[in-house]
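Since the structure comes first, as structure tokens, the remarks are kept for the end.
Ligands are counted one by one from 1 in listed order, and the atoms in each one are counted from 1 as well.
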Amino acid sequence: MDLKSNHSSPVLADTAPLNKSRLGLRSSLQTRPAPSPALTSGLHLMVPRKKTGVLDDVRYSVCLDAMKSSSPPPKLITISDDIAYQTWMMKYPSALLSFEQFASFTEGKRITLFLDYDGTLSPIVDNPDCAFMTDPMRASVRMAAKCFPTAIISGRSRDKVFEFVQLTELYYAGSHGMDIIGPVRDSSEDGLDLIRSNDKQDKEESLFQPASRFLKMIEEVSVLLVETTKGIAGVKVESNKFCVSVHYRNVDVDEWGEVGSLVSRIVENYSHLRLTHGRKVLEVRPVIDWDKGKAVTFILESLGLDKCDDVLPIYIGDDRTDEDAFKILREDKRGCGIIVSSAPKESNAYYSLRDPSEVMEFLKLLVAHCDRQEVTK
Ligand SMILES: O=P(O)(O)OC[C@H]1O[C@H](O[C@H]2O[C@H](CO)[C@@H](O)[C@H](O)[C@H]2O)[C@H](O)[C@@H](O)[C@@H]1O
């Protein structure tokens with residue numbers, strides 16, 4: 001994969017955002033602001049709470065369908081679910097139960113570890129501000145980071161995820177990889193827009209923010225989203241710096257369509273933004289050719305490990321957005337994705353783990369295995 005030409009200026013994708021193309025309709029709010037516009041005062045007044053026409057009806061049901069399919073209700077596990085999971089595990093073997101086999105792929109390789117945060121290092125909880133990781137999990141990640149270069153790649157803002165993880169020995173990529181603090185990298189050859197900085201330990205690092213020109217627009221939309229959804233009980237708008245999350249986990253299911261419709265009407269007004277679906281969350285982000293997969297490649301390049309045959313990148317994640325990372329590792333046949341899921345789902349990962357507690361056990365096994373290899377060298 002040639003990412004070089006994309007790094008300094010990730011190309012604006014020419015595709016219509018999902019919500020618009022699926023509706024097949026033009027926005028009722030036709031004014032499209034240029035990138036980085038000043039706050040359009042009173043724009044929210046143009047987004048009435050209640051549905052007013054056919055377009056709104058279509059938008060409402062399309063959004064609701066997408067929200068329901070990306071956020072299925074929890075259900076009791078039946079025997080047939082269990083059989084389905086066991087069958088699924090034949091395609092995505094458990095990285096714990098099949099650890100010996102997994103470990104054989106690591107022989108003679110230098111591991112680089114990439115970890116998603118929510119649903120991978122911390123369990124999914126109702127309040128996004130309380131998605132804390134446990135101390136034992138933190139200790140396991142710290143041990144792993146002592147053995148291999150380790151990075152967290154999250155949809156959260158970089159500051160927020162650091163607040164949760166609190167480990168200075170890691171690299172961090174927030175906003176779905178659009179905000180990377182990584183190893184110092186010489187940008188003179190590939191013309192990257194990198195900023196050099198020093199961390200709290202005075203260690204030199206490079207900051208890379210490929211979506212920086214959208215910052216003002218994202219801030220503006222964040223304010224609009226708060227304003228527009230404030231009448232719906234349970235909605236939470238979380239600003240993740242270069243993207244915004246609108247959580248509906250705590251909203252009455254009868255109001256989901258309303259949330260989706262309001263958010264999509266705002267996003268339709270910005271041709272440079274798109275709407276994606278996560279776990280009971282709508283995510284608004286810039287239309288740029290950048291994702292968690294590109295962030296993985298970027299970090300490997302920064303570490304000088306992208307062209308080494310003896311490097312094995314391992315990526316552990318649970319979300320749709322992690323699929324971009326699984327995909328590049330699979331396509332380039334250079335690494336291994338591990339999907340964290342307690343229910344069967346199609347993935348580009350090779351292995352699986354059920355939940356964060358299994359992630360922790362896996363990290364411990366991996367560290368112990370690598371320690372043993374060191375001793376026998
Ligand atoms: O890339 P990630 O680190 O997995 O972040 C993805 C989103 O995670 C968070 O939301 C999810 O977890 C919350 C806490 O468990 C949960 O309440 C919410 O329903 C989930 O969608 C985070 O709050 C989002 O901003 C991230 O984009």
Side-chain angles (χ1 to χ4, degrees), residues 66-74 113-134 137 141 150-165 167 170-180 211 218 221-222 225-226 229 234-253 256 259-260 263 273-286 290-296 299 315-326 337-342 345 347 349 353 355-357 359:
M67 289 161 90
K68 283 191 169 161
S69 71
S70 62
S71 307
L113 192 59
F114 296 93
L115 302 164
D116 168 51
Y117 185 73
D118 287 279
T120 297
L121 297 183
S122 70
I124 295 295
V125 292
D126 284 346
N127 182 351
D129 292 337
C130 297
F132 305 114
M133 71 194 279
T134 62
M137 177 66 99
V141 176
T150 301
I152 307 275
I153 310 218
S154 171
R156 302 261 190 177
S157 75
R158 186 166 47 78
D159 286 349
K160 186 75 193 174
V161 84
F162 180 75
E163 207 180 298
F164 282 134
V165 178
L167 293 172
L170 312 182
Y171 302 115
Y172 289 88
S175 309
H176 294 294
M178 290 182 279
D179 189 7
I180 304 178
I218 291 287
V221 164
S222 186
L225 289 167
V226 171
T229 58
V235 173
K236 182 174 172 64
V237 178
E238 180 186 10
S239 172
N240 289 332
K241 191 153 184 167
F242 295 108
C243 44
V244 189
S245 292
V246 181
H247 295 273
Y248 56 91
R249 180 171 292 277
N250 301 316
V251 174
D252 190 302
V253 92
W256 284 13
V259 177
V263 173
L273 300 182
R274 69 190 170 113
L275 185 60
T276 58
H277 294 263
R279 290 174 158 213
K280 296 189 179 156
V281 69
L282 297 164
E283 300 198 275
V284 179
R285 57 169 95 181
W290 198 261
D291 53 40
K292 288 184 172 186
K294 298 220 160 143
V296 165
I299 292 172
Y315 187 107
I316 311 181
D318 73 315
D319 213 60
R320 266 191 208 180
T321 57
D322 300 312
E323 290 296 329
D324 294 317
F326 296 152
I338 303 179
I339 176 139
V340 183
S341 180
S342 55
K345 60 176 167 189
S347 173
L353 290 166
D355 52 31
S357 67
V359 172

Given D118, I153, V246, T321, identify the one with the heavy atom nearest to atom 6 (C) of ligand 1. D118
What about A131: any of its N or O atoms under 3.5 Å from an N or O on ligand 1? no
Check whether any side-chain heavy atom of R285 sits under 4.5 Å from a side-chain heavy atom of R274, and report yes or no. yes
Could you identify the single nearest non-hydrogen protein atom to atom 20 (C) of ligand 1 and state the distance to 0.1 Å? R279 O, 3.4 Å
On a heavy-atom basis, I'd like to know which of K292, R320, R249, E283 is closest to atom 1 (O) of ligand 1. K292
Nearest non-hydrogen contact to atom 11 (C) of ligand 1 from the set L282, L115, I124 belongs to I124
For atom 3 (O) of ligand 1, what's the nearest protein heavy-atom neighbour? Residue, atom name and distance, please. S154 OG, 2.8 Å
For atom 4 (O) of ligand 1, the closest protein heavy atom turns out to be D116 OD1, 2.7 Å
The atoms of ligand 1 lying under 4.0 Å from a heavy atom of S245, numbered in the order shown, are 24 (C), 25 (O), 27 (O)
Using the rule given for salt bridge (charged side-chain N to carboxylate O under 4.0 Å, His left out), can you reason through K292 versus D319, listing the C-alpha separation, both sets of side-chain angles and the distance that settles it, and then say yes or no? CA-CA 11 Å; K292 288 184 172 186; D319 213 60; 5.3 Å; no
Heavy-atom pair of closest approach, residues A349 and E323: N-OE1, 4.4 Å
Can you name the atoms of ligand 1, numbered from 1 with element, that are less than 4.0 Å from a heavy atom of Y117? 3 (O)
Starting at CD1 of I153, measure out to OH of Y315 and round the result to the nearest 0.5 Å. 5.0 Å
Who's the nearest protein heavy-atom neighbour of atom 25 (O) of ligand 1, and how far? E238 OE1, 2.6 Å
Between the CZ atom in R320 and the NE2 atom in H277, the distance rounded to the nearest 0.5 Å is 7.5 Å
Those atoms of ligand 1 less than 4.0 Å from some heavy atom in P123: 15 (O)
For ligand 1, which atoms sit closer than 4.0 Å to a heavy atom of D126? 17 (O)
Gap separating the OG1 atom of T321 from the CZ atom of R279, nearest 0.5 angstrom: 10.5 Å
Do F164 and S122 have side chains that approach each other closer than 4.5 Å (heavy atoms only, starting at C-beta)? no
For atom 15 (O) of ligand 1, what's the nearest protein heavy atom and its distance? V125 N, 2.7 Å
What one should report as the nearest heavy-atom pair of D318 and V340 is CB-O, 3.2 Å
Give yes or no for whether the N/O distance cutoff of 3.5 Å, strictly under, is met between K280 and ligand 1. no
Using only heavy-atom distances, determine whether the side chains of S357 and D355 contain a donor-acceptor pair under 3.5 Å. yes
Counting heavy atoms only, which part of S122 comes closer than 4.0 Å to ligand 1: side chain, backbone, both or neither? neither
From the list S245, S222, S154, side-chain hydrogen bond (donor to acceptor under 3.5 Å, both in side chains) partner of N240 resolves to S245
Within ligand 1, which atoms have a heavy atom of N240 less than 4.0 Å away? 25 (O), 27 (O)
Side-chain touch R156/P128, heavy atoms, less than 4.5 angstrom: yes
At a 4.0 Å threshold, what atoms of ligand 1 neighbour a non-hydrogen atom of V281? 21 (O)
List the closest protein heavy-atom neighbour of atom 10 (O) of ligand 1: residue, atom name, distance to the nearest 0.1 Å. H247 CE1, 3.5 Å
